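Heads up, the thing below is written out as structure tokens.
Keep in mind that what you see is a predicted model, and the values were worked out from it rather than measured.
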Amino acid sequence: MTILDYIILFLTIYLIGSIPFGLVLTKLFLRQDIRKIGSGNIGATNVLRTGSKILAILTVILDALKPFFAYWAVRFVMSILISKLAVNILFGLYDVYLIMIITGITIFAHCFPVYLKFKGGKGVATVFGSLFMFSSKWSFLCINAYALPLVALITWIAIAFISKKSSLSALITSILLPLYVYLFANYRIYVVKDVTVFYGCVSLFVILRHISNIKRLIKGEESNIKLHKDKNE
């Protein structure tokens, strides 16, 4: 593959990850600019402030699916640039590491989308969606289950239920995420270590994206999760 081929692949992943689904959905169905509502963030939590639970759920789902969209787009583009057989062999040998690269670029693109002058979301839904790509057998229960995203989701929901704060849920889940990856990603040990280090970096990135939220949490000024639109908005 040439340098141009790599640039094409990078742009493919980046442009898919940059799609601001929260903004698109609220513009399309509510004729509103989500950036002028609540915190101004394009994520699902802020979409929920419009009063539309359906659009908030769709935003979560679509943001979470970005790594999958990017993964299959890369496979398609690579099959054109080289060959389908070569792509199958390449992904068969290095699938986990290629997924990590695709996931990392997608999360970065979501947070710094070119379409919005590099002002995007916090990356939480996209990180959560990427966990399904690393999910495997929960061996000690002898069942095939999506243990990794399930444990992360339960953690987020539990903290959100107790604190009523989306940002605190994201922060605590992010802190615990590398541990969850190490415990529930059923790969050979050296691969598990690599994926754990990767998600350690991802977690740090998500935490840094929440610096302003952390400051508000310390001051006791962070807003609660709202299931209904504010009357003054």
Side-chain angles (χ1 to χ4, degrees), residues 15-70 106-132 146 149-174 177 205-233:
L15 293 176
I16 291 174
S18 290
I19 300 173
F21 286 115
L23 176 63
V24 172
L25 290 172
T26 50
K27 280 273 191 180
L28 186 61
F29 293 101
L30 301 179
R31 298 292 190 272
Q32 296 182 47
D33 189 335
I34 191 64
R35 295 169 296 181
K36 298 179 181 179
I37 297 173
S39 65
N41 192 271
I42 62 172
T45 301
N46 203 40
V47 173
L48 192 59
R49 293 190 175 100
T50 65
S52 176
K53 299 181 183 66
I54 293 176
L55 290 186
I57 292 171
L58 283 175
T59 299
V60 169
I61 293 173
L62 290 172
D63 283 345
L65 285 173
K66 283 182 177 181
F68 291 90
F69 294 151
T106 305
I107 293 170
F108 178 84
H110 174 81
C111 295
F112 302 102
V114 64
Y115 309 119
L116 302 180
K117 298 180 180 179
F118 308 104
K119 297 179 181 179
K122 302 294 177 66
V124 177
T126 306
V127 172
F128 174 72
S130 72
L131 297 179
F132 285 91
Y146 289 105
L150 179 61
V151 172
L153 179 61
I154 290 173
T155 301
W156 192 96
I157 291 175
I159 302 303
F161 180 79
I162 295 170
S163 69
K164 303 295 188 296
K165 299 186 188 302
S166 175
S167 59
L168 184 60
S169 301
L171 287 166
I172 293 178
T173 304
S174 295
L177 186 54
F205 178 73
V206 172
I207 291 170
L208 291 175
R209 292 290 293 168
H210 282 79
I211 289 296
S212 59
N213 302 89
I214 294 173
K215 292 179 180 178
R216 288 195 293 271
L217 284 168
I218 293 173
K219 295 178 181 179
E221 299 174 351
E222 183 72 336
S223 59
N224 293 338
I225 297 173
K226 298 177 181 179
L227 300 179
H228 304 286
K229 182 178 181 179
D230 288 344
K231 294 180 179 180
N232 60 343
E233 293 182 355

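- The aromatic rings of Phe112 and Phe108 sit tilted relative to each other, their planes meeting at an angle between 30° and 60°.
- Ile42 contributes atom CD1, which lies 11.0 Å from atom CG of Leu25 (distance to the nearest 0.5 angstrom).
- One finds the CG atom of Asn213 at 8.5 Å from the OG atom of Ser166 (value rounded to the nearest 0.5 Å).
- Residues Ser169 and Ser163 approach most closely at OG-OG, 4.4 Å, considering heavy atoms.
- For the atom pair CH2 (Trp156) and CD1 (Ile172), the distance works out to 12.0 Å, reported to the nearest 0.5 Å.
- Applying the salt bridge (charged side-chain N to carboxylate O under 4.0 Å, His left out) test to residues at least two apart or on different chains, none of the pairs has a partner in residues 114-126.
- Across Leu62 and Phe69, no two heavy atoms sit closer than the pair O-CE1, 4.1 Å.
- Between Leu171 and Leu217, some side-chain heavy-atom pair lies under the 4.5 Å cut-off.
- Panel note: side chain Thr50, backbone Val47; a donor-acceptor pair is recorded below 3.5 Å.
- Across all their heavy atoms, Phe68 and Gly129 have their closest contact at CE1-O, 3.3 Å.
- Put simply, the side chain of Ser18 never gets that close to the backbone of Leu15: no donor and acceptor are under 3.5 Å apart.
- Residues meeting the salt bridge (Lys or Arg N to Asp or Glu O under 4.0 Å) test with Lys66, sequence neighbours left out: Asp63.
- In this structure, Thr173 OG1 and Leu131 CG are separated by 10.0 Å, a value rounded to the nearest 0.5 Å.
- Annotation for Ser223 and Arg49: closest pair OG-NH2, 3.0 Å, computed over non-hydrogen atoms.
- With rounding to the nearest 0.5 Å, the separation of CD1 in Ile57 from OG in Ser52 is 8.5 Å.
- Between Ile107 and Val127, some side-chain heavy-atom pair lies under the 4.5 Å cut-off.
- Nearest heavy-atom pair, Thr106 versus Ala70, reported as atom, atom and distance to 0.1 Å: OG1-CB, 3.6 Å.
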**OP:** Could you please spell out the steps behind the side-chain contact (heavy atoms from CB on, under 4.5 Å) verdict for Thr26 and Ile37?
**Re:** CA-CA 11 Å; Thr26 50; Ile37 297 173; over 6 Å; no
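- With hydrogens and angles disregarded, no donor-acceptor distance shorter than 3.5 Å links the side chain of Asn41 to the backbone of Asn46.
- For the atom pair CG (Leu55) and OG1 (Thr59), the distance works out to 6.5 Å, reported to the nearest 0.5 Å.
- At a threshold of 4.0 Å, the pair Glu222-Arg216 counts as salt-bridged, since one of the basic side-chain nitrogens sits closer than that to a carboxylate oxygen.
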Original post:
Where do Tyr115 and Ile19 land on the side-chain contact (heavy atoms from CB on, under 4.5 Å) test, with the steps shown first?
Top reply: CA-CA 7 Å; Tyr115 309 119; Ile19 300 173; 4.2 Å; yes
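- Contact check for His210 versus Val124: side-chain heavy atoms found under the 4.5 Å cut-off.
- When the shell of 6.0 Å around CD1 of Ile211 is examined, it contains more than 12 heavy atoms from other residues, nucleotides or ligands.
- Within the 4.5 Å cutoff, the side chain of Ile207 has heavy atoms near those of the Ile214 side chain.
- Dense packing is recorded around NZ of Lys164, with more than 12 heavy atoms of other residues, nucleotides or ligands lying under 6.0 Å away.
- Annotation: salt bridge (Lys or Arg N to Asp or Glu O under 4.0 Å) contacts of Arg35 (sequence neighbours excluded): Asp33.
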